[in-house]
Protein chains: 2
Amino acid sequence: MVSKTPDQPIVAEIPEEISGLRMTRQRQEIYRILIEQRDHPTANEVFMRAKDRLPNLSLATVYNCLEALVQHGIIRQVNFERESSRYCPNLSEHGHFHDAATGGIHDVDFKPGFNLADVLELPPGAVIHDVEITLRGKLPSP
Amino acid sequence: MVSKTPDQPIVAEIPEEISGLRMTRQRQEIYRILIEQRDHPTANEVFMRAKDRLPNLSLATVYNCLEALVQHGIIRQVNFERESSRYCPNLSEHGHFHDAATGGIHDVDFKPGFNLADVLELPPGAVIHDVEITLRGKLPSP
DNA sequence: ATGAGAATTGGAATTATTCTTGATTCCGCG
DNA sequence: CGCGGAATCAAGAATAATTCCAATTCTCAT
């Protein structure tokens, strides 16, 4: 009953094609890097991590691939101040907490039932397409 | 009785010095531009608006002054995606709504009693220093 | 007045990102 | 299998915002 399935379903989450996006070797690899280590790497960090497996990858391609993945809603681009963009495979709506001490970035989920209109004086009639919540602070040291 | 005061008390709100920040001509002018037209201009927009009155102002100085004002808590720097930084004299805690249609940026106040911990699953023990809430969407056209 | 420290200037340097262009790969079809 | 068009990739040049730097100018307290 399980005879046909390989014993390592590693790429289970990496489809060959998503809504018209051709999943090339580079895109797969870059996506894999993002889900493997969910630490919100920059394009350059992704580039460095990918070099092992794709020795003649170019940084421009990393940008192209990340952009393609973002456009197709497979990953999200995260910006903090004017630092380099970072990339995040967590598609659920969430915010980001930047730990001032370590520089680390942590996803912060919204509480169930979260509703913007409950906390903000929105302009009447405004339609919200996108929300970005970023926190900066410190986590307990130990 | 009014003999000694000039007839145009324009700079009423612009102190000569704030908490150790020397309010030079350039800084005053730049601050004035920000409170005069609260449309979140970029450094370059500030630069262009200031040229009338300070013909040999340099863009580097605009950046320096804006930075000084930000450091001293007199204005705030606002970043949206990776666009140029914008500057805002509204010191009360608030978010920003970007109208996709017009490109305009509008301040959005928090509702009274707003509390982050009510809406976000904050990491336990986290101390928040700063919150940034950015919305993108559309306002009713008329 | 004057001298030290701060601010301003203009231009050069930096950095992340995008653009350009030509080469390569992919994919359906004969 | 092999071709043609389309998509993708690579490499380096180009861009844009911001910062840095060195030289001048201001300011203010003495």
Side-chain angles (χ1 to χ4, degrees), chain A residues 14-33 40-72 74-88 103 105, chain B residues 14-33 40-72 74-88 103 105:
Chain A
I14 307 176
E16 304 232 334
E17 176 167 336
I18 297 180
S19 59
L21 178 67
R22 202 191 282 168
M23 260 303 181
T24 64
R25 180 89 202 293
Q26 290 78 341
R27 289 173 183 167
Q28 277 178 36
E29 197 56 41
I30 284 168
Y31 181 61
R32 199 188 51 74
I33 284 166
H40 306 83
T42 63
N44 199 55
E45 285 164 353
V46 170
F47 177 51
M48 293 189 304
R49 292 179 197 174
K51 272 199 250 174
D52 291 355
R53 301 201 184 195
L54 300 171
N56 35 3
L57 180 68
S58 104
L59 181 55
T61 301
V62 174
Y63 275 105
N64 288 341
C65 291
L66 289 170
E67 154 104 9
L69 294 169
V70 168
Q71 291 309 326
H72 287 254
I74 299 166
I75 64 173
R76 307 181 69 168
Q77 185 176 27
V78 178
N79 297 110
F80 182 55
E81 309 282 300
R82 298 204 80 260
E83 293 173 9
S84 306
S85 290
R86 297 175 172 279
Y87 297 86
C88 167
I105 299 172
Chain B
I14 307 177
E16 304 231 336
E17 176 167 334
I18 297 178
S19 57
L21 179 67
R22 200 190 281 171
M23 261 305 180
T24 64
R25 183 92 202 293
Q26 290 78 340
R27 288 173 183 167
Q28 277 179 36
E29 197 56 42
I30 284 169
Y31 181 61
R32 201 187 51 74
I33 284 167
H40 306 83
T42 62
N44 198 57
E45 284 163 353
V46 171
F47 178 52
M48 294 189 303
R49 291 179 198 176
K51 273 199 250 174
D52 292 354
R53 301 201 184 194
L54 299 171
N56 33 5
L57 180 67
S58 105
L59 181 54
T61 301
V62 174
Y63 275 104
N64 288 341
C65 291
L66 289 170
E67 154 105 6
L69 294 168
V70 168
Q71 291 308 326
H72 286 254
I74 298 165
I75 64 173
R76 306 181 68 168
Q77 185 177 27
V78 177
N79 296 111
F80 183 55
E81 309 280 299
R82 298 204 81 260
E83 293 173 8
S84 307
S85 290
R86 297 175 171 278
Y87 297 86
C88 168
I105 299 172

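Just so you know, these numbers come straight off a predicted model, no measurement behind them.
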Practice problem: Would you confirm whether A:Q28, through its side chain, and A:M23, through its main-chain N or O, come within 3.5 Å as a donor-acceptor pair? | Solution: yes
Between [atom2] on [N] and [atom1] on [X], what's the gap in Å once rounded to a whole number?
X: A:M23; N: C:dC26; atom1: CE; atom2: P; answer: 15 Å
X: A:L54; N: D:dT8; atom1: CG; atom2: P; answer: 16 Å
X: A:F80; N: C:dA16; atom1: CZ; atom2: P; answer: 16 Å
X: A:F47; N: D:dA11; atom1: CZ; atom2: C1'; answer: 11 Å
X: A:N56; N: C:dT24; atom1: CG; atom2: P; answer: 12 Å
X: A:L21; N: D:dA6; atom1: CG; atom2: C1'; answer: 15 Å

Quiz item: Does the side chain of B:T61 pick up a donor-acceptor pair with the side chain of B:Q26 at under 3.5 Å?
Solution: no
Just to confirm, is there a sub-4.0 Å distance from OP1 or OP2 of [N] to any side-chain nitrogen or oxygen of [X]?
X: A:T24; N: C:dT25; value: no
X: A:S58; N: D:dC9; value: no
X: A:Q26; N: D:dA10; value: yes

Self-check item: From A:R27 atom CZ to A:C65 atom SG, the distance as rounded to the nearest 0.5 Å
Solution: 5.5 Å
Quiz item: If you measure from CD1 on B:I105 to CZ on B:F80, what distance do you get to the nearest 0.5 Å?
Solution: 7.5 Å
Quiz item: In terms of side-chain geometry, is the basic nitrogen of B:R86 or B:E45 positioned less than 4.0 Å from the acidic oxygen of its partner?
Solution: yes
Self-check item: Nearest-nucleotide pick for A:R27, side chain only, options being D:dC9, C:dG10, C:dT8
Solution: D:dC9
Exercise. Run the numbers on A:Y87 and A:V70 for side chain to side chain contact (heavy atoms under 4.5 Å, CB included), then give the verdict.
Key: CA-CA 9 Å; A:Y87 297 86; A:V70 168; 4.1 Å; yes
Self-check item: Protein-to-nucleotide contact annotation, 5' to 3' order, nucleotides 13-30 of chain D [B base; S sugar-phosphate only; - none; under 4.0 Å, heavy atom]
Solution: ----SBBB------S---
